[in-house]
Amino acid sequence: MTGEPEDAMAVSPSRLDELRDRTQARISLGAVGSGVPTHAALRFNLDHARAREAVWTGMDAAALRKALGPIGESAIEVYSAASDRAEYLRRPDLGRTLSQDSRKALQAAGGQRGFDIALVVADGLSATAVALNAAPLATALADKASAAGWTMAPVVIAHQARVALGDWIGAELDARCVVVLVGERPGLSAADSLGAYVTFGARPGTPDSGRNCVSNIRSGGLPVDDAATQIAGLITLMMAQKISGVRLKRQDLLTQGQPG
């Protein structure tokens, strides 16, 4: 016993309201008998349904091409070795491997090789995130690449894809840097979160420690324009240091362009 009043650790209602305004987490839901209020239970069921829909819904490649505008006209569609969505969810390893037909398609459609950047839009675990956020981010990145003088391969639209599928694509296109925009695993507070995984010199077998990630790109998370700026900054560092992942010196982001 500390001698403190019983309510010393209690949180005032106004404080709880402030916490609720700052987070989408489920806090202070209230109670009705041994359960939660009806509105809280209904919200949970709705968010659970949205998460399931994000995982199981297929990516609409035609709509994505249209949303991408000019850079979508030359986009190349590829598939992982997973035969369908169910197998993709059961076998993550197949989602990391490019199908043989897709390898041939990249070889045939890629034309010249040796690009600075290969941009991959992958369904991942949330087609919802891709539908809402991928096209604006891809367009912003294409603009920044053009301004920086980087050459870009045709955009690749990848179905049943995990992050590491970008390693195969980077190898086929001989790209210096691969950017994979992928739907992140949905939670019960966000089913529309997009992640961007950036890898220098990506090749099959690249470990996850060799990548850098910008995550939670969505309305209510990291805005698209801010994400594009962060990703372009990472690419600039990677081009200079010829490395990515845990060995990349991120401190340079704070001093870049300043006198030494």
Side-chain angles (χ1 to χ4, degrees), residues 55-127 129-131 133-139 141-142 145-146 150-183 194-206 208 210-211 231 235 244:
V55 168
W56 283 100
T57 300
M59 179 171 59
D60 188 339
L64 179 59
R65 282 178 181 272
K66 184 176 180 180
L68 287 169
I71 64 173
E73 295 174 2
S74 59
I76 305 168
E77 283 189 61
V78 300
Y79 294 80
S80 74
S83 59
D84 55 30
R85 197 66 181 168
E87 185 174 51
Y88 167 79
L89 294 173
R90 292 196 310 267
R91 294 283 305 276
D93 58 314
L94 296 180
R96 301 185 185 107
T97 305
L98 195 63
S99 70
Q100 287 294 329
D101 288 344
S102 293
R103 293 181 66 181
K104 294 175 182 177
L106 282 175
Q107 293 165 3
Q112 70 181 73
R113 291 165 55 84
F115 300 95
D116 289 324
I117 300 172
L119 180 60
V120 181
V121 179
D123 49 5
L125 290 170
S126 176
V130 173
N133 306 302
L137 181 53
T139 301
L141 288 173
S146 178
W150 297 326
T151 58
M152 279 191 62
V155 173
V156 177
I157 299 173
H159 297 267
Q160 319 294 14
R162 302 278 176 171
V163 172
L165 197 72
D167 300 342
W168 292 78
I169 295 168
E172 293 295 342
L173 297 174
D174 192 22
R176 297 177 66 194
C177 193
V178 175
V179 181
V180 179
L181 307 182
V182 62
L194 191 75
Y197 290 80
V198 192
T199 311
F200 185 86
R203 296 296 183 269
T206 298
D208 287 340
R211 316 184 197 285
I231 294 165
I235 294 172
S244 59

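If you read the sequence from its start, that first residue is 1, and numbering goes on from there.
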**Student:** For a 4.5 angstrom cut-off between non-hydrogen side-chain atoms, does Ile117 reach Leu141?
**Tutor:**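 Not in contact.
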
**Student:** Please name the pair of heavy atoms, one in Met59 and one in Leu64, separated by the smallest distance, quoted to 0.1 Å.
**Tutor:**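 Met59 and Leu64 have their closest heavy atoms at SD-CD2, 4.1 Å.
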
**Student:** Determine whether Ile169 and Val178 satisfy the following criterion, side chain to side chain contact (heavy atoms under 4.5 Å, CB included), listing intermediate values before the conclusion.
**Tutor:** CA-CA 8 Å; Ile169 295 168; Val178 175; 5.7 Å; no

**Student:** Partners of Ala131 by side chain to side chain contact (heavy atoms under 4.5 Å, CB included), sequence neighbours excluded?
**Tutor:**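 Applying side chain to side chain contact (heavy atoms under 4.5 Å, CB included) to Ala131 gives none.
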
**Student:** To the nearest 0.5 Å, what is the distance between CD (Glu172) and CZ (Arg203)?
**Tutor:**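 It is 9.5 Å, given to the nearest 0.5 Å.
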
**Student:** Quick one: does Ser146's side chain have a donor or acceptor within less than 3.5 Å of a partner on Ala142's backbone?
**Tutor:**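 No.
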
**Student:** Does a side-chain heavy-atom distance below 4.5 Å link Asp60 with Val130?
**Tutor:**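 No. Closest side-chain heavy atoms not under 4.5 Å.
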
**Student:** Between the side chain of Trp168 and the main-chain N/O of Arg96, is any donor-acceptor distance below 3.5 Å?
**Tutor:**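 Yes, because the side chain of Trp168 sits within donor-acceptor range (under 3.5 Å) of the backbone of Arg96.
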
**Student:** From Thr97 OG1 over to Arg103 CZ, what is the distance, rounded to the nearest 0.5 angstrom?
**Tutor:**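 Here the rounded value is 10.0 Å.
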
**Student:** How close do Leu194 and Gly183 get, counting heavy atoms only, and between which atoms?
**Tutor:**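 Heavy atoms of Leu194 and Gly183 come nearest at CD1-N, 3.9 Å.
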
**Student:** For the backbone of Tyr79 and the side chain of Ser102, can you confirm whether one donor and one acceptor N or O come within less than 3.5 Å of each other?
**Tutor:**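 At least one qualifying donor-acceptor pair exists.
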
**Student:** With a 4.0 Å cut-off on N to O distance, would you call Asp123 and Arg162 a salt bridge?
**Tutor:**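 Looking at Arg162 together with Asp123, the answer is no, because their closest N to O distance does not fall below 4.0 Å.
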
**Student:** Can you name the nearest heavy-atom pair linking Ala153 to Ala118, along with the distance?
**Tutor:**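 The pair with the smallest heavy-atom distance is CB-CA, 4.3 Å.
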
**Student:** Could you measure the distance from the CD atom of Glu87 to the CD atom of Gln160? Nearest 0.5 Å is fine.
**Tutor:**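 Going from CD on Glu87 over to CD on Gln160, the span is 9.0 Å.
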
**Student:** For the residue pair Pro154 and Ser74, what are the closest heavy atoms and their distance?
**Tutor:**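 Shortest heavy-atom separation between Pro154 and Ser74 comes out as CB-O, 3.4 Å.
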
**Student:** Can you name the nearest heavy-atom pair linking Gly114 to Thr151, along with the distance?
**Tutor:**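 Distance-wise, the nearest heavy atoms are O-OG1, 4.3 Å.
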
**Student:** Tell me, with the steps shown, if Ser99 and Val78 meet side chain to side chain contact (heavy atoms under 4.5 Å, CB included).
**Tutor:** CA-CA 8 Å; Ser99 70; Val78 300; over 6 Å; no

**Student:** To the closest 0.5 Å, what do you measure between CH2 (Trp150) and CZ (Arg176)?
**Tutor:**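 Interatomic distance, Trp150 CH2 to Arg176 CZ, rounded to 0.5 Å: 10.0 Å.
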
**Student:** Of all the heavy-atom pairs spanning Val120 and Ala158, show the shortest one and how long it is.
**Tutor:**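 Closest approach of Val120 to Ala158, heavy atoms only: CG1-CB, 4.0 Å.
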
**Student:** Report the distance from atom OG1 of Thr199 to atom CG of Asp208, rounding to the nearest 0.5 Å.
**Tutor:**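 Result: 8.5 Å between the selected atoms.
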
**Student:** In a check of side-chain contact (heavy atoms from CB on, under 4.5 Å) between Val156 and each of Val121, Leu173, Leu119, Leu165, which one passes?
**Tutor:**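 Single pass found, and it is Leu173.
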
**Student:** Any donor-acceptor pair under 3.5 Å linking the side chain of Tyr88 with the backbone of Leu94?
**Tutor:**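 Judged by distance alone, no pair lies under 3.5 Å.
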
**Student:** Hey, are Asp167 and Arg211 close enough for a salt bridge, meaning a charged N less than 4.0 Å from a carboxylate O?
**Tutor:**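 Counted as a salt bridge, because a side-chain N and a carboxylate O are separated by less than 4.0 Å.
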
**Student:** Answer whether the closest heavy-atom distance between the side chains of Met152 and Phe115 falls below 4.5 Å.
**Tutor:**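 No, side chains not in contact.
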
**Student:** What's the separation between atom CG in Leu68 and atom CG in Leu137, rounded to the nearest 0.5 Å?
**Tutor:**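 Spacing of CG (Leu68) from CG (Leu137) equals 10.5 Å.
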
